[in-house]
Structure formats: C-alpha cells, structure tokens
K.L.:
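Before anything else, here's the structure in question.
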Amino acid sequence: MSAEQAYCVPCHEVAKLQEKVLGFYREHGRVFPWRQTTDRYTVMVSEIMLQQTQAERVVPRFEAWIKCFPDPVSLAEAPLRSVLKLWSGLGYNSRAERLQRSARLVVSEFCGVVPGDPALLRTLPGIGPYTSRSIPVFADNLDIATVDTNIRRIFVHELGINASAPDRVLYAVAEQVLPRGRSREWHNALMDYGALHLTARKTGIASRSRQSTFLHSPRWYRGRILRYLLDNGQGMTLEDVEERYGQGPHDLGKIIEGMERDGIIERYGDGERRIRIRGDNDH
DNA sequence: ATCCGGCCGT
DNA sequence: ACGGCCGGAT
C-alpha cells in the first residue's frame with residue numbers, strides 16, 4: 001500500500017484540461033520539421049536543441065544539422081570542431097559535445113540505434129529526466145508522461161498545483177492527465193498551449209531558476225573564447241587569452257578549466273601553454 | 001535591462 | 001539542493 005492518493009486529480013478536471021489543451025492544439029498547433037518524423041535520433045537532436053532555445057530559432061539549425069549529420073554514425077565520426085560550428089549560436093555549447101558523445105555511445109553500445117527505453121536513454125550524457133521520456137513520447141508515442149517548465153506552468157495555472165511542488169508531485173499529476181494512446185499529440189499540445197497561450201509572462205508564474213546578467217559574465221567569456229578558437233584553427237596561447245580578455249574581473253584560468261572539464265577545449269604544445277578545440281589537428 | 005530553460009558537478 | 005552554463009528576444 002504505497003499509492004500516493006494525496007495528489008489525485010478529479011475526473012472532471014482531467015476531462016476539462018484535456019479538452020482545453022487538445023482544442024487549442026487543433027486550432028493553433030504549430031508545424032515543425034521534428035514533428036514530421038518518428039526517427040528517434042532525429043527526435044533526440046531536436047529535443048536537445050529545444051532544451052535551451054525557442055522553437056522558431058531552432059528550426060534552421062535543426063535542418064542544417066540533420067542535413068550534415070543525418071544519423072548517429074555521421075555525428076559520431078565528425079570532428080568536434082564541425083559539431084561546435086554547426087551548433088554555434090544556440091548556446092550551452094557543452095550540450096553539442098554531449099550530443100556527440102551520446103551518438104558515439106549509441107554506435108558503440110546500442111548498434112547505432114537510439115534506444116527507446118527511458119532508463120537506457122537516461123544513461124546517455126546530456127539526457128536527463130525530461131528528455132529521457134520526451135524522446136520515446138515524440139518518436140514512438142509511448143504512453144508515459146514527461147514534465148518541462150511549460151507543462152509545470154500549465155499544471156500550476158490550470159489545476160492549482162502549488163508552485164513549489166516537487167517534481168514527483170508534478171509527474172504524478174502528469175500521469176493522471178495523460179490521455180492513453182495519444183501521448184505524442186498530448187505532449188505537443190501541452191508545449192504549444194504553454195508556449196503560445198499560457199506564457200510565463202502572461203501568467204506571472206516564474207520558472208524555478210534564475211541567472212545573472214550575461215554581458216561580461218564567465219559564460220560570455222566562454223562564448224568569446226570558443227568563437228575565437230572556431231575562427232582560428234591554429235589555437236591560442238594562454239597569454240593571448242589574457243591579452244584579449246584579461247581586462248575583465250574574472251579568473252580566466254578558472255574559465256579555461258571549465259571549458260576543459262566540459263570537453264570543449266584541450267591544452268597542448270609549449271608546456272601545455274596553448275589551447276585549441278579538442279581534437280583539432282587529429283588525423 | 002530582464003527573461004527563458006534541462007542537465008550536471010559539487 | 002544549488003549554482004553554472006548560452007545567446008537571442010523583448
């Protein structure tokens with residue numbers, strides 16, 4: 001007897017929400033290239049990109065990516081430099097590196113086929129609780145629920161769920177409102193309802209984490225250093241880094257260290273005094 | 001000038 | 001449980 005009865009959504013609330021969200025989707029649902037496929041790798045690429053960027057801005061980069069890396073093998077075999085180049089502008093570059101690492105694991109551990117089991121997907125780098133479920137939802141119409149902040153905001157606004165409710169409560173609610181057999185349509189509908197209708201701005205429901213200003217932040221310097229290295233294949237010395245970006249208040253050593261730890265860059269040559277995109281000049 | 005967001009290391 | 005990671009939109 002371990003059933004959680006505490007967060008049971010009444011039947012009529014479930015029906016009302018489903019009608020509202022699916023009705024909105026029938027009238028205002030968006031068409032995206034990743035909604036036209038059931039290929040799990042293609043869906044995985046879109047889900048990783050959508051983690052951090054609004055859908056409209058993902059579209060052209062998604063199409064370029066799929067053209068260049070149509071399957072796990074082509075991504076696995078590519079130099080990191082070309083992967084980061086194709087990713088640049090999307091932000092959070094370490095995710096491109098993780099996506100490639102995932103593709104390599106798919107090739108080496110899963111015979112080149114992206115697994116459809118959330119538990120297996122969860123073992124891949126860059127794939128967490130949300131994405132491990134969203135991939136089989138959108139690719140295979142799997143009857144499980146997944147919750148991102150859009151969906152969380154809908155539950156808070158439409159069902160009166162407490163804004164500080166922990167994830168397990170949100171997932172318990174999501175399980176109960178999922179219309180069986182229509183998981184893909186339902187989650188697409190929730191996304192569009194949250195992104196177009198129940199926006200964060202409109203509802204005043206804040207997402208859980210905030211961040212500091214971007215300009216001249218450590219993230220901004222990371223972006224600048226990576227941009228320079230992508231434009232200059234010969235790499236740079238630590239003195240170059242200091243000269244170009246040392247006027248800021250940040251410890252550039254720590255920033256370089258972070259980029260190294262994320263597998264974006266590596267040190268080489270001249271007593272490890274130079275940095276370059278990891279894998280540059282490998283043949 | 002502020003907002004948005006899932007994953008990961010600590 | 002918390003803070004770091006990106007760049008474009010508004």
Side-chain angles (χ1 to χ4, degrees), chain A residues 43-62 83-102 105 118 121-135 137-138 145-154 156 163-171 174 187 190-192 194-230 245 248-265:
Chain A
V43 170
M44 173 169 82
V45 170
S46 74
E47 283 301 308
I48 301 294
M49 288 183 171
L50 288 163
Q51 280 171 4
Q52 62 223 6
T53 315
Q54 279 148 343
E56 289 75 13
R57 272 192 294 134
V58 166
V59 171
R61 291 167 188 289
F62 168 81
V83 170
L84 291 173
K85 260 207 162 102
L86 222 50
W87 190 269
S88 61
L90 280 173
Y92 295 109
N93 300 289
S94 58
R95 296 183 181 220
E97 189 276 335
R98 289 179 193 141
L99 179 53
Q100 181 179 44
R101 213 149 20 103
S102 284
L105 285 167
L121 285 165
R122 188 67 181 77
T123 67
L124 298 173
I127 295 183
Y130 165 76
T131 311
S132 65
R133 294 171 172 87
S134 72
I135 291 170
V137 160
F138 292 121
T146 192
V147 180
D148 72 345
T149 62
N150 276 296
I151 297 175
R152 168 182 167 272
R153 196 171 56 249
I154 293 170
V156 169
S164 53
D167 280 349
R168 29 169 278 272
V169 171
L170 296 169
Y171 274 94
H187 285 92
L190 283 170
M191 296 302 171
D192 288 357
L196 301 176
H197 183 62
L198 262 195
T199 61
R201 215 176 273 277
K202 229 188 278 185
T203 59
I205 300 170
S207 66
R208 279 213 254 238
S209 54
R210 266 175 301 98
Q211 88 213 341
S212 47
T213 338
F214 177 53
L215 188 69
H216 298 317
S217 66
R219 294 183 320 253
W220 185 82
Y221 283 104
R222 275 175 68 119
R224 297 297 298 262
I225 293 168
L226 178 57
R227 167 65 56 198
Y228 182 91
L229 291 174
L230 284 174
Y245 310 115
H250 299 289
D251 182 349
L252 289 174
K254 285 266 182 284
I255 290 170
I256 297 289
E257 211 173 283
M259 297 179 77
E260 259 186 288
R261 197 198 56 222
D262 286 344
I264 303 290
I265 64 169

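By convention in this document, chain letters (A, B, ...) are assigned in the order of the sequence lines, proteins followed by strands, and residues within each chain are numbered from 1.
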K.L.:
Could I get the full list of salt bridge (charged side-chain N to carboxylate O under 4.0 Å, His left out) partners for A:Arg222, not counting sequence neighbours?
P.N.:
A:Asp262
K.L.:
Taking ring pair (Phe, Tyr, Trp, His ring centres under 6.0 Å) as the definition, give me every residue that meets it alongside A:Tyr92, ordered by chain and number, with sequence neighbours left out.
P.N.:
none
K.L.:
Starting at atom NE2 of A:His216, determine the distance to atom P of C:dG7, rounded to an integer number of angstrom.
P.N.:
14 Å
K.L.:
Mapping A:Gly223 and A:Arg98 to their closest nucleotides on DNA chain C, which lands nearer the 5' end?
P.N.:
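Closest to the 5' end, via its nearest nucleotide, is A:Arg98.
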K.L.:
Check the distance between C:dG8's P and A:Arg61's CZ and give it to me in whole angstrom.
P.N.:
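My rounded result for the distance is 7 Å.
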K.L.:
Could you tell me which residues satisfy side-chain contact (heavy atoms from CB on, under 4.5 Å) with A:Pro129, sequence neighbours excluded, listed by chain and number?
P.N.:
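Testing A:Pro129 for side-chain contact (heavy atoms from CB on, under 4.5 Å), a comparison that skips the adjacent residues, returns A:Arg122, A:Arg133, A:Tyr171.
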K.L.:
As a test of reading the structure: which of C:dA9, C:dG7, B:dG5 is closest to the side chain of A:Asn150, going by heavy atoms?
P.N.:
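Nearest to the side-chain atoms of A:Asn150, counting from C-beta on, is B:dG5.
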K.L.:
Could you check how far CD1 of A:Ile154 sits from P of B:dG5, rounded to whole Å?
P.N.:
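For the pair A:Ile154 CD1 and B:dG5 P, the rounded distance is 11 Å.
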K.L.:
Quick one: is A:Ser217 getting a side-chain N or O under 4.0 Å of the C:dC6 phosphate, OP1 or OP2?
P.N.:
no
K.L.:
Suppose we screen for salt bridge (charged side-chain N to carboxylate O under 4.0 Å, His left out). Which residues come up paired with A:Glu260, at least two apart in sequence or across chains?
P.N.:
A:Arg267
K.L.:
Rounded to the Å, how far apart are A:Ile225 CD1 and C:dC5 C1'?
P.N.:
14 Å
K.L.:
A:Gln51 has an atom CD; how far is it from atom P of C:dG4, in whole Å?
P.N.:
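After rounding, the reported distance stands at 20 Å.
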K.L.:
Can you name the salt bridge (charged side-chain N to carboxylate O under 4.0 Å, His left out) partners of A:Arg101, sequence neighbours left out?
P.N.:
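In terms of salt bridge (charged side-chain N to carboxylate O under 4.0 Å, His left out), with neighbours along the sequence ignored, A:Arg101 is linked to A:Glu97.
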K.L.:
Distance-only, no hydrogens or angles: does the A:His187 side chain make a donor-acceptor pair with backbone N or O of A:Phe138 under 3.5 Å?
P.N.:
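No; judged by distance alone, with no hydrogens or angles, the pair does not exist.
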K.L.:
Of all the choices, B:dC7, B:dG5, C:dG7, which nucleotide is nearest to the side chain of A:Tyr92 once you look at every atom?
P.N.:
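Out of B:dC7, B:dG5, C:dG7, the nucleotide with an atom closest to A:Tyr92's side chain is B:dG5.
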K.L.:
For residues 256-263 of chain A, which residues have at least one heavy atom under 4.0 Å from DNA chain B?
P.N.:
none
K.L.:
Please confirm whether the backbone N or O of A:Gly194 pairs with a side-chain atom of A:Arg153, one donor and one acceptor, at under 3.5 Å?
P.N.:
yes
K.L.:
So A:Leu90, base contact, sugar-phosphate only, or nothing? Heavy-atom distance under 4.0 Å.
P.N.:
nothing
K.L.:
Distance check needed: C:dG7 C1' versus A:Met49 CE, whole Å only.
P.N.:
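For the pair A:Met49 CE and C:dG7 C1', the rounded distance is 15 Å.
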K.L.:
Among B:dC8, C:dG7, C:dC5, which nucleotide sits nearest the side chain of A:Arg122?
P.N.:
B:dC8
K.L.:
Measuring to OP1 and OP2 of C:dC5, would you say a side-chain N or O of A:Ser94 lies under 4.0 angstrom away?
P.N.:
no
K.L.:
Of the listed nucleotides (C:dC5, B:dG5, C:dA9), which one gets closest to any side-chain atom of A:Gln54?
P.N.:
C:dA9
K.L.:
Would you kindly compare A:Arg153 and A:Pro125 by the position of their nearest DNA chain B nucleotide and give the one closer to the 5′ end?
P.N.:
A:Arg153
K.L.:
For the pair made of CZ in A:Arg219 and P in C:dG4, what is the distance, rounded to whole Å?
P.N.:
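Between P of C:dG4 and CZ of A:Arg219: 9 Å.
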K.L.:
Over how many whole Å does the gap from A:Leu215 atom CG to C:dC6 atom P extend?
P.N.:
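So the CG-P distance, A:Leu215 to C:dC6, works out to 16 Å.
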